[in-house]
Amino acid sequence: MVLEMKDAACGYGKHAILEHVSIQVESGELVCLLGPNGVGKTTMFKSMLGFLDLLGGQVLLNGQDRVNIPRKEFSRKIGYVPQSHEPPFPFSVMDVVVMGRTAHLKGFAAPSREDYLLSYEMLDRLGVNYLKDAVYTNISGGERQMVLIARALTQQPELLVMDEPTANLDYGNQIRVLSAIRQLSDSGLGVLMTSHNPDHAFLCCTRAVLITKDKRVVSGPVDEIVTEEALRAAYGVDVKITQALSDQGVPVKSCVPMLA
């Protein structure tokens, strides 16, 4: 499965925020999208998923233009995990997760027993099945993010698009969510995620996409894209990239900001 933006222009009305965007994510890949606030990351996601009309170029799924794919079929193949949110009603966690089956239901059909069993299976897969009867608005931010990922997985998609899955989470919950995302990628799921932390690309991603301040979009292997020079150009701060060894002797890179 390959999701690709090809020479795309993304924006609102007739105003382009990003132009000449060409990126792709394949099954089994974990791709991290980096860039400063306001540069157009969320706009690009909305355009990729069809929430916004493209101003130019194409979005292709396995080489087929998205405009020629029925919306329901596209939704079955591409899961979307928004930033953690609070719904207007106090749904149970199980009710939130089973909403992921919507793309598979006909008309006004209600979720079946099999849909609920699958929803529980996804909660169990992420290690949060103990939350099934909890009220979604009463659980922690890290738990909510896991629930949103479980909801997307109940679609049984082949690719996941995740908008800042670690936003507003404490350090421990960030690592737990990243670990879960990496396990999903290792199982064959393709993942495209945004992050404000370049370290996340080093921790678990195979490729990186960086949107610079001047709206250039560059992509490639993490080590080639996430460099001191590139981060300085994108964020306007000096950083040093260091390296440490994990307990297994695997080198892990990290970004250290140089405060004035």
Side-chain angles (χ1 to χ4, degrees), residues 3 30 33 41-42 45-46 48-52 70-185 187-196 200 204:
L3 179 64
L30 180 42
L33 174 61
K41 299 188 297 296
T42 297
F45 267 14
K46 289 181 178 179
M48 176 179 284
L49 296 168
F51 302 150
L52 289 174
R71 181 174 294 275
K72 205 163 188 176
E73 179 182 341
F74 187 83
S75 297
R76 291 191 190 111
K77 295 179 178 179
I78 309 298
Y80 175 55
V81 181
Q83 294 182 35
S84 185
H85 73 298
E86 187 167 324
F89 302 104
F91 294 108
S92 72
V93 163
M94 182 59 77
D95 285 339
V96 171
V97 176
V98 82
M99 290 176 188
R101 297 300 296 164
T102 301
H104 295 269
L105 299 179
K106 295 181 179 180
F108 297 99
S112 66
R113 180 175 181 272
E114 287 72 24
D115 292 324
Y116 279 98
L117 288 173
L118 178 63
S119 298
Y120 181 83
E121 181 184 333
M122 294 303 111
L123 286 170
D124 187 58
R125 180 177 180 182
L126 294 171
V128 289
N129 56 345
Y130 63 90
L131 292 171
K132 66 183 180 67
D133 297 320
V135 176
Y136 178 78
T137 51
N138 291 345
I139 63 178
S140 72
E143 290 171 332
R144 286 189 194 181
Q145 203 59 44
M146 289 295 197
V147 170
L148 291 177
I149 295 171
R151 182 180 69 176
L153 291 177
T154 64
Q155 293 178 221
Q156 297 181 301
E158 297 181 52
L159 295 171
L160 271 185
V161 176
M162 313 180 79
D163 194 0
E164 295 186 35
T166 60
N168 303 315
L169 300 184
D170 64 40
Y171 186 72
N173 278 320
Q174 286 185 35
I175 300 306
R176 292 182 189 98
V177 169
L178 288 175
S179 178
I181 293 170
R182 184 169 65 180
Q183 290 175 31
L184 294 174
S185 177
S187 72
L189 195 67
V191 180
L192 173 62
M193 57 173 265
T194 59
S195 176
H196 282 302
H200 293 173
C204 60

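Computation of the quantities below employed the complete heavy-atom set of this structure, encompassing side-chain atoms and omitting hydrogens, waters and symmetry-equivalent molecules.
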Non-neighbouring partners of S195 that pass side chain to side chain donor-acceptor pair (under 3.5 Å), sequence neighbours left out = H200
note = So CG of L192 and CG of L160: to nearest 0.5 Å the spacing works out to 10.0 Å
request  = Return the minimal non-hydrogen interatomic distance between V96 and R151, and the atom names on each side.
outcome  = O-CD, 3.0 Å
key: From T166 atom OG1 to H196 atom NE2, the distance as rounded to the nearest 0.5 Å   = 9.0 Å
query = Are the side chains of L184 and I149 in touch, meaning some heavy atoms are under 4.5 Å apart?
reply = yes
ask   = Mind checking what makes side chain to side chain donor-acceptor pair (under 3.5 Å) contact with T194, not counting sequence neighbours?
value = D163
message = If the condition is salt bridge (charged side-chain N to carboxylate O under 4.0 Å, His left out), which residues does K77 pass it with, not counting sequence neighbours?
response = E73
task = Taking all non-hydrogen atoms of both residues into account, name the closest pair between V98 and P111 and its distance.
result = CG2-CB, 3.8 Å
ask   = Just wondering, do V97 and F91 contact through their side chains at under 4.5 Å, heavy atoms?
value = no
key: Value rounded to 0.5 Å, distance of CD in E164 from OG1 in T42   = 6.0 Å
request  = Would you indicate whether the side-chain heavy atoms of L118 and L153 approach each other to under 4.5 Å?
outcome  = no
inquiry  = Does any part of the side chain of V147, heavy atoms only, come nearer than 4.5 Å to the side chain of I139, both counted from C-beta?
reply    = yes
remark   = Closest non-hydrogen atoms of P165 and Q145, given as atom of the first, atom of the second and distance, are O-CG, 2.8 Å
query = L123 and A150: which non-hydrogen atoms are nearest, and at how many Å?
reply = CD2-CB, 3.9 Å
request  = Could you go through the side chain to side chain contact (heavy atoms under 4.5 Å, CB included) check for L131 and M146 one step at a time?
outcome  = CA-CA 10 Å; L131 292 171; M146 289 295 197; 5.9 Å; no
ask   = Is the CZ atom of R76 crowded by more than 12 outside heavy atoms at less than 6.0 Å?
value = yes
ask   = So, does Q155 use its side chain to make a donor-acceptor pair with the main chain of S75 at under 3.5 Å?
value = yes
task = Just jot down the side chain to side chain donor-acceptor pair (under 3.5 Å) partners of E143, sequence neighbours excluded, or say none.
result = Y130, S140
Heavy-atom closest contact (L148 atom, P82 atom, distance) = CD1-O, 3.9 Å
inquiry  = Quick test of your reading: applying salt bridge (Lys or Arg N to Asp or Glu O under 4.0 Å), list the pairs with at least one residue in residues 115-125, sequence neighbours left out, ordered by first then second residue.
reply    = R101-D115
request  = Output all residues satisfying side chain to side chain contact (heavy atoms under 4.5 Å, CB included) with S92, sequence neighbours left out; order by chain, then residue number.
outcome  = M94, D95
key: Interatomic distance, E158 atom CD to L3 atom CG [nearest 0.5 angstrom]   = 11.5 Å
query = Can you list the residues that meet the side chain to side chain donor-acceptor pair (under 3.5 Å) rule with Y80, with sequence neighbours excluded?
reply = none
key: Closest heavy-atom pair and its distance - I78, L49   = CG2-CD2, 3.7 Å
